[in-house]
K.L.:
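Could you have a look at this structure, given as structure tokens, before my questions?
Note on naming: letters A, B, ... go to the chains in the order of the sequence lines (proteins, then strands), and numbering restarts at 1 for each one.
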Number of protein chains: 2
Amino acid sequence: MSTSKPDRQRLSRDLVLRSALTIADREGSAGLTMRLLSTELGVVPMALYKHVANKDELIDGIVDLVWAEVEPPDASGDPAQWRPAMRARAVSLRETLRRHPWAVGLMETRMRPGPANLAQHNAMMGCLRRAGFSFRNTVHVTSVLDAYVYGFALQQQTLPFDTAEESGEVAQQKLEQQPAELAELAARFPYLIEVVAELATAGYDYDAEFETGLDLILDGVQRLRPEWVGGSGA
Amino acid sequence: MSTSKPDRQRLSRDLVLRSALTIADREGSAGLTMRLLSTELGVVPMALYKHVANKDELIDGIVDLVWAEVEPPDASGDPAQWRPAMRARAVSLRETLRRHPWAVGLMETRMRPGPANLAQHNAMMGCLRRAGFSFRNTVHVTSVLDAYVYGFALQQQTLPFDTAEESGEVAQQKLEQQPAELAELAARFPYLIEVVAELATAGYDYDAEFETGLDLILDGVQRLRPEWVGGSGA
DNA sequence: ACCTGAACACCGTTCAAGT
DNA sequence: ACCTGAACACCGTTCAAGT
């Protein structure tokens with residue numbers, strides 16, 4: 001036993017970033033601290049600074065790890081099939097944001113986009129350009145689709161239920177638990193309560209809701225280029 | 001001079017919240033600390049805790065102050081004019097988020113919606129219900145519009161320029177400054193660079209971009225209820 | 001009822017030193 | 001080249017005390 005500390009993996013930028021991502025997924029963005037990260041790596045806080053300039057760069061790093069998980073639109077596919085390709089990318093982006101909820105407020109706020117982010121948007125714009133969209137419309141489509149996915153993910157974090165069944169239960173509980181408080185709310189916000197009550201009995205499905213809005217937007221996008229009304233083959 | 005500290009306003013929940021909002025606007029969300037807030041109010045940190053349970057409640061409070069700035073759709077208007085009303089509300093929400101950029105990641109993430117938030121969404125759902133939208137479609141429309149506005153505001157925070165002229169300058173500088181780096185980027189991300197270059201020379205206008213996407217979505221919304229194709233009168 | 005003082009358990013990060 | 005120790009200037013918040 002001449003070598004000491006044989007059980008600890010040698011630190012590397014990649015190991016640091018991956019551990020940070022694991023912590024963020026488990027503890028949320030507020031729970032990710034340099035000090036916790038260092039202790040989980042069996043190391044003193046300052047050891048991290050050899051592999052990462054500071055916490056900001058650490059976050060840039062893990063945000064790009066998240067971007068790398070988003071499936072880009074298939075570049076080898078038929079250009080006329082831009083719509084299913086764009087749809088699948090939007091769904092993949094949303095699923096990725098669901099796996100890393102802490103990232104939603106950060107993905108587009110980071111000032112220095114990483115290589116995975118650039119590659120992702122390059123693939124997206126390539127898909128649209130090859131399909132015949134103008135420069136300007138390529139920007140419009142990217143802008144509106146990404147905005148929708150982000151905003152939807154942001155909204156989903158607020159609501160206190162995760163599944164359709166749960167939505168009904170939660171509303172039912174609220175209704176039975178505080179009838180007095182509810183009566184006051186109903187007086188002040190009649191339309192809101194009415195819609196929420198209806199929603200609760202019918203059940204609320206995030207996936208279906210997301211896809212309804214997505215298809216509504218894709219219909220609008222398709223109208224931007226009337227030459228091709230939806231791909232040639234299928 | 002028998003009374004001491006005559007110049008300091010007496011603390012109140014409202015004063016605390018308004019001061020916190022001012023600091024958040026000036027310093028960003030990370031710059032808003034209980035300690036800075038207390039010194040700006042000429043008081044010891046612990047004094048705040050008489051008026052606000054903790055920092056989380058403080059943030060809930062200022063987020064609701066922001067909601068109160070959003071213009072609700074006019075309830076007294078012609079129900080058939082739901083489209084301009086919805087459009088104006090989306091624009092107002094975006095302008096509010098521009099005035100308080102720190103709030104974008106927080107407005108929909110807060111778990112306990114405040115009264116201004118509830119009132120805002122009640123007005124929105126009332127406008128849609130009176131216009132004849134079904135419960136389910138009212139939810140669809142609210143969901144897709146809010147998601148778009150949030151996501152757009154989130155995206156706008158990333159980009160390193162604010163005005164159309166600036167966008168051209170920034171791109172021009174990048175182009176002249178690091179031609180070698182740019183060449184490498186162009187090789188790896190050809191579509192992205194091509195679109196960005198085109199955008200830079202033509203200029204990029206956030207307001208126009210936002211309204212293009214908004215109108216695309218409103219077209220889709222209008223197709224949800226074919227009975228009224230755009231209001232009766234005008 | 002409202003504010004203060006001192007303290008606790010945390011942060012990110014610098015600087016000089018160890019191996 | 002990589003990691004450590006001690007320190008600094010910050011956090012939010014509790015608890016007991018002042019007026």
Side-chain angles (χ1 to χ4, degrees), chain A residues 1-63 102 105-106 109-112, chain B residues 1-63 102 105-106 109-112:
Chain A
M1 325 182 138
S2 59
T3 62
S4 58
K5 297 165 190 163
D7 52 338
R8 214 199 62 226
Q9 237 187 106
R10 205 139 171 302
L11 241 49
S12 69
R13 185 182 160 86
D14 194 66
L15 179 61
V16 168
L17 290 182
R18 286 196 184 281
S19 306
L21 180 56
T22 307
I23 292 176
D25 286 344
R26 199 181 63 224
E27 315 273 354
S29 58
L32 172 61
T33 68
M34 299 299 272
R35 291 178 116 103
L36 175 59
L37 176 55
S38 70
T39 60
E40 296 225 341
L41 287 167
V43 110
V44 97
M46 273 316 297
L48 303 174
Y49 288 79
K50 260 274 113 75
H51 303 94
V52 148
N54 49 39
K55 194 180 181 182
D56 227 57
E57 208 205 81
L58 179 83
I59 293 177
D60 281 341
I62 62 174
V63 162
W102 54 269
L106 263 44
T109 314
R110 300 274 93 193
M111 286 296 185
R112 273 171 301 282
Chain B
M1 324 183 139
S2 59
T3 61
S4 58
K5 297 167 190 161
D7 52 338
R8 215 200 63 226
Q9 238 187 103
R10 206 140 170 305
L11 241 50
S12 69
R13 186 183 159 86
D14 193 67
L15 179 61
V16 168
L17 290 182
R18 287 196 183 280
S19 306
L21 180 56
T22 307
I23 292 177
D25 286 344
R26 200 181 62 223
E27 316 272 352
S29 59
L32 172 63
T33 68
M34 299 299 271
R35 292 179 116 103
L36 175 60
L37 175 57
S38 69
T39 61
E40 296 224 342
L41 287 167
V43 109
V44 96
M46 271 317 296
L48 302 173
Y49 288 79
K50 261 272 115 74
H51 303 94
V52 148
N54 48 39
K55 194 180 180 182
D56 226 57
E57 208 205 81
L58 178 83
I59 293 178
D60 281 341
I62 62 174
V63 162
W102 54 268
L106 264 43
T109 314
R110 300 274 94 193
M111 288 294 185
R112 274 171 300 283

K.L.:
Report, one pair per line, the protein and nucleotides 13-19 of chain C atoms (nitrogen or oxygen only) whose separation is under 3.5 Å.
P.N.:
residue: C/dT13; atom: OP2; partner: A/Y49; partner atom: OH; Å: 2.9
residue: C/dT13; atom: OP2; partner: A/K55; partner atom: N; Å: 3.0

K.L.:
What's the CD-C1' distance between A/E57 and C/dG12, to the nearest Å?
P.N.:
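So the two atoms are 15 Å apart, to the nearest Å.
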K.L.:
Using side chain to side chain donor-acceptor pair (under 3.5 Å) as the criterion, list what pairs up with A/R112, not counting sequence neighbours.
P.N.:
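Residues passing side chain to side chain donor-acceptor pair (under 3.5 Å) with A/R112: none at all.
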K.L.:
Please collect all side-chain hydrogen bond (donor to acceptor under 3.5 Å, both in side chains) contacts where either partner lies in residues 42-63 of chain A, sequence neighbours excluded, each pair once.
P.N.:
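side-chain hydrogen bond (donor to acceptor under 3.5 Å, both in side chains) check on residues 42-63 of chain A returns A/R13-A/E57, A/D60-A/R110.
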K.L.:
Measuring only between side-chain heavy atoms, which start at C-beta, is A/L58 closer than 4.5 Å to A/M34?
P.N.:
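Touching, per the 4.5 Å side-chain cut-off.
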K.L.:
Rounded to the nearest 0.5 Å, how far does CZ of B/R26 lie from CD of B/E40?
P.N.:
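Taking CD in B/E40 and CZ in B/R26, the distance rounds to 4.5 Å.
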K.L.:
Nearest whole angstrom, please: distance from the C1' of D/dC3 to the NE2 of A/H51.
P.N.:
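Taking NE2 of A/H51 and C1' of D/dC3, I get 9 Å after rounding.
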K.L.:
Among D/dC2, C/dC11, C/dT4, find the nucleotide with the atom closest to the side chain of A/R10.
P.N.:
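The listed nucleotide nearest to A/R10's side chain is D/dC2.
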K.L.:
Using a 3.5 Å cut-off and no angle test, enumerate the donor-acceptor pairs between side-chain atoms of residues 41-48 of chain B and protein atoms at least two apart in sequence or in another chain.
P.N.:
none

K.L.:
Between A/R13 (CZ) and D/dA1 (C1'), how many Å, whole number?
P.N.:
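Checked: the CZ to C1' distance equals 18 Å.
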K.L.:
Could you provide the dot-bracket string of DNA chain C, using ( ) for intrastrand pairs, [ ] for crossing pairs and | for bases paired to another strand, with Watson-Crick or G-U pairs below 3.5 Å?
P.N.:
||.|||||...|||||.||
K.L.:
Identify, with sequence neighbours excluded, every residue that meets salt bridge (charged side-chain N to carboxylate O under 4.0 Å, His left out) alongside A/R35.
P.N.:
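Checked A/R35 against salt bridge (charged side-chain N to carboxylate O under 4.0 Å, His left out); zero matches.
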K.L.:
Atom CD of B/E27 to atom P of D/dC11: distance rounded to whole Å?
P.N.:
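The distance from CD of B/E27 to P of D/dC11 comes to 11 Å, rounded to the nearest Å.
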K.L.:
Tell me the interatomic distance from B/L36, atom CG, to D/dC11, atom P, rounded to whole angstroms.
P.N.:
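Rounded to whole Å, this separation is 7 Å.
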K.L.:
Hey, does A/L32 have a side-chain heavy atom less than 4.5 Å from the side chain of A/I62?
P.N.:
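A/I62 reaches A/L32 side chain to side chain.
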K.L.:
So B/D14 and B/L17, do their side chains get closer than 4.5 Å, heavy atoms only?
P.N.:
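Result no, sub-4.5 Å side-chain heavy-atom pair not found.
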